[in-house]
Amino acid sequence: MYNTYMIRYGEIGLKGKNRPAFEKRLMGNISRALKDTGPARVQRVYGRILVESAADPARVLDKLSKVFGIVGIGPALRLPLDEEAICEGALAALKDAAAGIKKTPGTPLTFKVEARRSNKQFPRTSPELNGLIGGYLLKNYPGLTVDVHNPQIRVRVEIREKNAFIYAADILGVGGLPVGASGKALLLLSGGIDSPVAGWMAMKRGIEIEAVHFHSFPFTGEKSLEKVRDLCRALTAYTARIKLHVVHFTDIQKDIQKNCPEELRVTIMRRMMFRLAKRIAGQQEALALVTGESVGQVASQTLESMRVINQVIDLPVLRPLVGMDKLEIIHRAQEIGTYDISVLPYEDCCTLFLPKHPATRPRSEQAEEAEKPLAVEDLLAGALERTVVEDIGRKV
Amino acid sequence: MREVYLDNSATTRPYPEVVRAVVEAMEENYGNPSSLHRKGVEAGRAVTRARETVAAGLGVAPGEIVFTGGGSEAVNLAVKGVLPGRRGRHVITTAVEHPAVLNACGQLKERGIEITVLPVDGEGVVDPGHLRAALRDDTYLVAIMHVNNEVGAVQPLDELAAVIAEFRRAGRRLLWHVDAIQAYGKLPQRPAELGVDLLSVSAHKVHGPKGVGALYVAPRTQLQPLVAGGGQEAGLRSGTENVPGIAGFGAAAAVIAREARDSNTAKKLFALKKRLVEGILAAVPGAVLNGPACREDNPRCAPHIANISFPGLRGEVLLHSLEGRGIYVSTGSACASRKNPGSHVLKAMGLKGELLEGAIRFSLSYTNTEEEIDYAVENTVAAVEELRALYD
Amino acid sequence: MREVYLDNSATTRPYPEVVRAVVEAMEENYGNPSSLHRKGVEAGRAVTRARETVAAGLGVAPGEIVFTGGGSEAVNLAVKGVLPGRRGRHVITTAVEHPAVLNACGQLKERGIEITVLPVDGEGVVDPGHLRAALRDDTYLVAIMHVNNEVGAVQPLDELAAVIAEFRRAGRRLLWHVDAIQAYGKLPQRPAELGVDLLSVSAHKVHGPKGVGALYVAPRTQLQPLVAGGGQEAGLRSGTENVPGIAGFGAAAAVIAREARDSNTAKKLFALKKRLVEGILAAVPGAVLNGPACREDNPRCAPHIANISFPGLRGEVLLHSLEGRGIYVSTGSACASRKNPGSHVLKAMGLKGELLEGAIRFSLSYTNTEEEIDYAVENTVAAVEELRALYD
Ligand SMILES: Cc1ncc(COP(=O)(O)O)c(C=O)c1O
Ligand SMILES: Cc1ncc(COP(=O)(O)O)c(C=O)c1O
């Protein structure tokens, strides 16, 4: 029934003279998100963004709820400036909002009408409208009472130049900043649960993401790669497209297995990954790396090993999951639709050669010593040469 | 002898590209999509491609398509797979549904579910007002088709959708299944827009392979699988995927999408039907068109199905007489032909006696030509005359 | 690169005569068997011919064969279609059944049926004594497979049949379903002789098309259809018949019957498996055969499936390494590969740790050759050595 959506975008409203650029980006992102749902008009009005679309509201809302930067969505009815139509519209909006509220039998539903008239040509003042519409609703919806202080439902009516807008529901957006507003970073994407969530959290802060995946064919098969593509595809629900760099990691891994002491292999593998990522970031003009690491007691997740791994590059490394517990990460992964993909069991390069006793507190000298037998530059060059870039777009 | 196949609502002849896709899948992509190795991955990709094509044709996401072993299976998965929920114990359907829907509802009835069967008017069309009146607090499923397979009546989906939306706005949970098996490829499908939760299609009605169908399942719709097992098709249809059948379906869906984009083909199809109907009605005294009037501006009239009664003749006798002239048609729906002498659809429309007994269904497809239609008209007229002379 | 396909228990490559039969049915017999005209009759005949061939291969009457949309569907029709009767509320199955059986039983459980899962010994074989002990007055269905798909254990059907016959002699009503999907075409099937009431087979495991299976239904066995509708397949499986799939199944059944009649082919198949198993076990230190010992005089050992553990390696890594050498195998059953890292069958046999993680299934068919086996042995040995060097 809805054909219009009032978009609130709290945080970016505060950004002073950057504001127009932010708004423009957000509007662009909204248009792109709605591309598959049919024609939509996106325009800026009075500190809001107004989206008009005749498509199935459930679909539109689903798409809008995945656009970073949106704080709230008010699905609205856009009506002619006609009192009867406005009253009927208000009733429909009230019913719809009521459907989403848990009712306690016996107690009435409380509501309030908030009319605003920016078009002063309209013959009724705001208080008049409040009375008129409120009366109509009370008459036509049994079990309703007015509560001006703390109503369960606010029926908002805005009288504008050519149309009246009515909305009663307010749907929470994802918040954050529009993707692209904060520059670009490179996400180290494995097939696990953590890294897609890390990517999502970075995007939430306006960072555009490219992904790099280390693939060890033939030890890991096509399906584990397909799984990573699917993870990217799932993330494209929140952004237009993701460039995926698939690095041929087999030879490096073999060399590490052959030449490095067992307990340091994970550390060295991560160092090699960071070195490769840094070069790709350079080519792609990405300003930082994003990883799914958090602080725990396993091999690469201690502060000691993070330090040793970080030493090989001079880019900032964002680890958005450091503050999260495993369960929080799992919940987020389920929410954003990556969990079911992540739990598919295919081996990836990180699960391939798990040493029995990895060093949890490696020192830099140890790592440097252990790397000596590796022809690091040649290995990096070889891996980059066999890197394939894929453009993962959204599927309708 | 010349052959004119006008039984396309029973089944169609596969397009050459469909046959090619099936053969390729059998000879090259013969792996099991669940296998981890390349043969499995390649077979899986063939399925993914087909899923994307079929989904695009319905304007939905690939993840919302479940491939099944045919149209009837899709219908049964929908009708019987919907969980009634805590309060649900009532289902609404119509008198003109295909036996797949009606008999699946019959099985629900055995499990204690109450079924309301909506009547239709003389043209086979459901009144949205009747739906509104039939909806109850405990109604959890509505099964109303798009195009009827026997007379080509197009149900008023927009108005039905409005009734359902209203009911839902009042806070009631309700799923809607649309049997679009005859509509698919002929009329645009837009389940997402209409608020349809489940929609069945069948490949062999659109020049795809037999034994493969698909069910559109709207996001967040809970279903119980008919076939449990290895968890294929997101757990909704287990069993090694019918890769060749699905690939063939994809190939047919691609052609159908091209046809659908070209508004001329749709017009051409309708023009053929009109030529057939007008030709026969003009030349055969007493012949009557069953179902919605055949006019371009009549939204209730499907472009490819024409059901005509020839009073005084038995449908089956005329059918065989036409067969003798190389023209293949049907009496009522194909599935019902064997057991059910009087079509339940025509009966629901109020037909009786000679009009009921003398009904013939002509069903067209994009592959038919004007010449074929003229041949069919000429020979129908001749056959009727010949038979009437015998019966007089 | 040379390709050696040893994943025939996941699926097989269709025989050329199967592809021809499918194409012919699509291009010529494209009618709907329910149609009354010649096109329908011809399509119906193709189905009848296939039904006769499949029935003959199982030593049963054509009227006792129901074609389904695949093996899993046949299994589900059997397991869920059996009416418990007034007293029935208990079903017996085994720990090594395919997920199709186990998950169908899971759905029965949700409906309040009690399920007893019989254990197996270290070779994956059920003890008929356990069946005898588990049978109860209210047991109405026993579902025990013939050949297990992961390790090739052949269940002792004769002895199980004796237990069931004894129980029935005591006046109890009980139906027995045999999942013969892996046994079909490799070991003789004689359901009628054994007192088996329901037996499932799947075409694509014997070089037939995917998406078509069959259920043998003994005379006077009452079943409730999964797919209700037009009443095809004697009312047990509605929906327009998958004529090309069924015709292809018939073609495969005909070839398989020829193979089966020739006792040399069976011997040859077993000899290939033996060559593979002995070759690998002799050259790979620590490798272990899972399941019944590979001896010609061992009736528990199927001629085509060999499951071998390579301790210290991950099955999936070895699988991909073999893939890199053009050899296609599987870890556990194809269907389970996705979700279930440790196979439920190997676990039921008591495998743990490295033996569980390092298991690979080689599955053969009549189309494999000695050369292929030698290539596979050679490369398995080499791949294991290479990987072990990395894992040191
Ligand atoms: C023993 C067994 N039962 C059932 C099935 C299921 O058959 P289908 O995949 O043809 O549905 C299979 C094969 O996957 C099997 O090996
Ligand atoms: C409207 C309708 N529904 C369902 C079906 C069943 O489809 P299938 O025969 O492919 O199972 C048919 C065709 O027979 C049909 O026309």
Side-chain angles (χ1 to χ4, degrees), chain B residues 5 7 10-11 13-14 19 22-23 26-27 30-32 34-40 68-73 75-76 98-100 103-104 106-107 204 209-212 226-232 238-245 316 319-320 323 328-331 334-339, chain C residues 5 7 10-11 13-14 19 22-23 26-27 30-32 34-40 68-73 75-76 98-100 103-104 106-107 204 209-212 226-232 238-245 316 319-320 323 328-331 334-339:
Chain B
Y5 187 77
D7 201 11
T11 194
R13 179 174 181 159
V19 179
V22 169
V23 170
M26 284 200 289
E27 290 182 341
Y30 61 85
N32 185 325
S34 294
S35 290
L36 294 175
H37 51 69
R38 190 180 313 133
K39 292 278 168 214
T68 66
S72 297
E73 192 191 314
V75 165
N76 275 260
H98 187 269
N103 291 341
Q107 291 187 322
H204 75 97
K210 293 180 176 60
V212 52
L226 278 185
V227 180
Q232 289 89 344
S238 289
T240 301
E241 294 88 338
N242 178 359
V243 183
E316 196 179 323
L319 177 148
H320 288 303
E323 179 184 0
Y328 303 110
V329 300
S330 146
T331 64
C335 301
S337 320
R338 280 215 174 145
K339 288 201 198 134
Chain C
Y5 187 78
D7 202 11
T11 193
R13 181 175 177 156
V19 179
V22 169
V23 170
M26 284 199 290
E27 290 183 340
Y30 61 85
N32 185 327
S34 296
S35 290
L36 296 176
H37 50 70
R38 189 181 314 135
K39 292 279 168 212
T68 66
S72 297
E73 192 192 313
V75 166
N76 275 261
H98 187 271
N103 291 340
Q107 291 187 321
H204 74 98
K210 291 180 177 59
V212 51
L226 279 184
V227 180
Q232 290 89 344
S238 288
T240 301
E241 294 88 339
N242 177 358
V243 183
E316 193 181 322
L319 177 149
H320 289 306
E323 178 184 359
Y328 303 110
V329 300
S330 146
T331 64
C335 302
S337 319
R338 279 213 176 150
K339 290 208 194 124

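Order of the sequence lines sets the chain letters (A, B, ...), proteins ahead of strands, with each chain counted from 1. Computed from a prediction, not measured in an experiment: that's the story for all the values here.
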Part of L319(B) within contact of chain C (heavy atom distance under 4.5 Å) =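 Contact with chain C involves the side chain of L319(B) alone.
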Could you state the interatomic distance from [atom1] ([X]) to [atom2] ([Y]), rounded to the nearest 0.5 Å?
X	Y	atom1	atom2	value
K39(C)	S330(B)	NZ	OG	15.5 Å
H37(B)	Y328(C)	NE2	OH	8.0 Å
T240(C)	K210(B)	OG1	NZ	7.5 Å

query = Taking only residues two or more places apart in sequence or in another chain, which ones pass side chain to side chain donor-acceptor pair (under 3.5 Å) with N76(B)?
reply =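 K80(B).
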Residues forming a side chain to side chain donor-acceptor pair (under 3.5 Å) with E27(C), sequence neighbours excluded = none
task = Heavy-atom pairs under 4.5 Å with chain B are the metric here; pick the option from P14(C), G69(C), G70(C) that has the most.
result = P14(C)
task = Sort V75(C) into side chain, backbone, both or neither according to what part of it lies under 4.5 angstrom from a heavy atom of chain B.
result = neither
message = Need one label for V22(C): side chain, backbone, both or neither, based on atoms under 4.5 Å from any heavy atom in chain B.
response = side chain
task = Using atom types as modelled and distance alone, determine if a side-chain donor or acceptor of E73(B) lies under 3.5 Å from a backbone N or O of G239(C).
result = no
query = Are any side-chain N or O atoms of N32(C) and backbone N or O atoms of T11(B), one a donor and one an acceptor, separated by less than 3.5 Å?
reply = no
Please report the closest heavy-atom contact between [X] and [Y], naming both atoms and the distance.
X	Y	result
S35(B)	D7(C)	OG-OD2, 2.9 Å
A104(B)	A228(C)	N-CB, 4.0 Å
P99(C)	G230(B)	CB-N, 4.0 Å

query = What orientation do Y30(C) and Y5(B) show, parallel under 30°, tilted 30 to 60°, or perpendicular over 60°?
reply =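 Ring orientation of Y30(C) relative to Y5(B): perpendicular.
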ask   = With chain C, which of H204(B), R38(B), H320(B) has the greatest number of heavy-atom pairs at distances under 4.5 Å?
value =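 Most heavy-atom pairs under 4.5 Å with chain C: R38(B).
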